[in-house]
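Everything on this sheet refers to the single structure shown next.
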Amino acid sequence: MNEFPDRLRRLRESMRPVRSMTVTSQLMGLHPDMLRRYERGEVEPSMDALYKIADYYGVSTDYLLGRTDNPAVNR
C-alpha cells in the first residue's frame, strides 16, 4: 500500500472544484478525519473504505493500491 497515500492525495487535489478533506470524506461516507489519516499513511483503509474511495473517484482499487498505473475500471 505504499502508493496509496500519494495516489489518494493526487486524486483529491485534481478534483474541481477542490474540496477540503473533511467535505470529501463526508461525501464518500467516511469519518471526516479518515481521509487525512489515509493520505498521511497513518492507517490503511478497510475494504469497504477502499471501495468507497474508488467509486468516488471513478478509479479501480488496483490503481489506488499501486497494482496498475491504469486508473480505468474494467466492468
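FYI, side chains are in, hydrogens and waters are out, and symmetry mates aren't considered; it's all heavy atoms of this structure.
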Heavy atoms, side chains only, cut-off 4.5 Å: are Ile53 and Thr61 in contact? no
Quick check: do Tyr57 and Pro71 have side-chain heavy atoms less than 4.5 Å from each other? no
Is the count of non-hydrogen atoms from other residues, nucleotides or ligands lying under 6.0 Å from Arg36 atom CZ greater than 12? yes
Trace of the side-chain contact (heavy atoms from CB on, under 4.5 Å) decision for Leu65 with Leu50: CA-CA 9 Å; Leu65 297 173; Leu50 189 63; 3.9 Å; yes
May I ask you to decide whether Asp55 forms a salt bridge with Lys52, counting only side-chain N to carboxylate O separations under 4.0 Å? no
From Arg19 atom CZ to Thr24 atom OG1, the distance as rounded to the nearest 0.5 Å: 6.5 Å
Euclidean distance, Leu30 CG relative to Arg37 CZ, rounded to 0.5 Å: 12.5 Å
Report yes if some heavy atom in the side chain of Glu3 is under 4.5 Å from a heavy atom in the side chain of Asp6; otherwise report no. no
Using side-chain heavy atoms (C-beta onward) and a distance below 4.5 Å, is Asp62 in contact with Asn70? no
Measure the shortest side-chain to side-chain distance between Met34 and Met21 over non-hydrogen atoms and say whether it is less than 4.5 angstrom. no
Looking only at heavy atoms, what is the nearest atom pair of Tyr63 and Leu11, with distance? CE2-CD1, 4.2 Å
Is there a side-chain contact between Leu35 and Arg40, using heavy atoms and a 4.5 Å cut-off? no
Are Tyr38 and Arg12 packed together at the side-chain level, in the sense that at least one heavy-atom pair is separated by less than 4.5 angstrom? no
Do Glu13 and Val18 come within less than 4.5 Å of each other through their side chains, counting heavy atoms only? no
What distance separates Glu39 CD from Ser25 OG, expressed to the nearest 0.5 Å? 8.5 Å
Between Thr68 and Ser60, the two heavy atoms sitting closest are CG2-OG, 4.2 Å
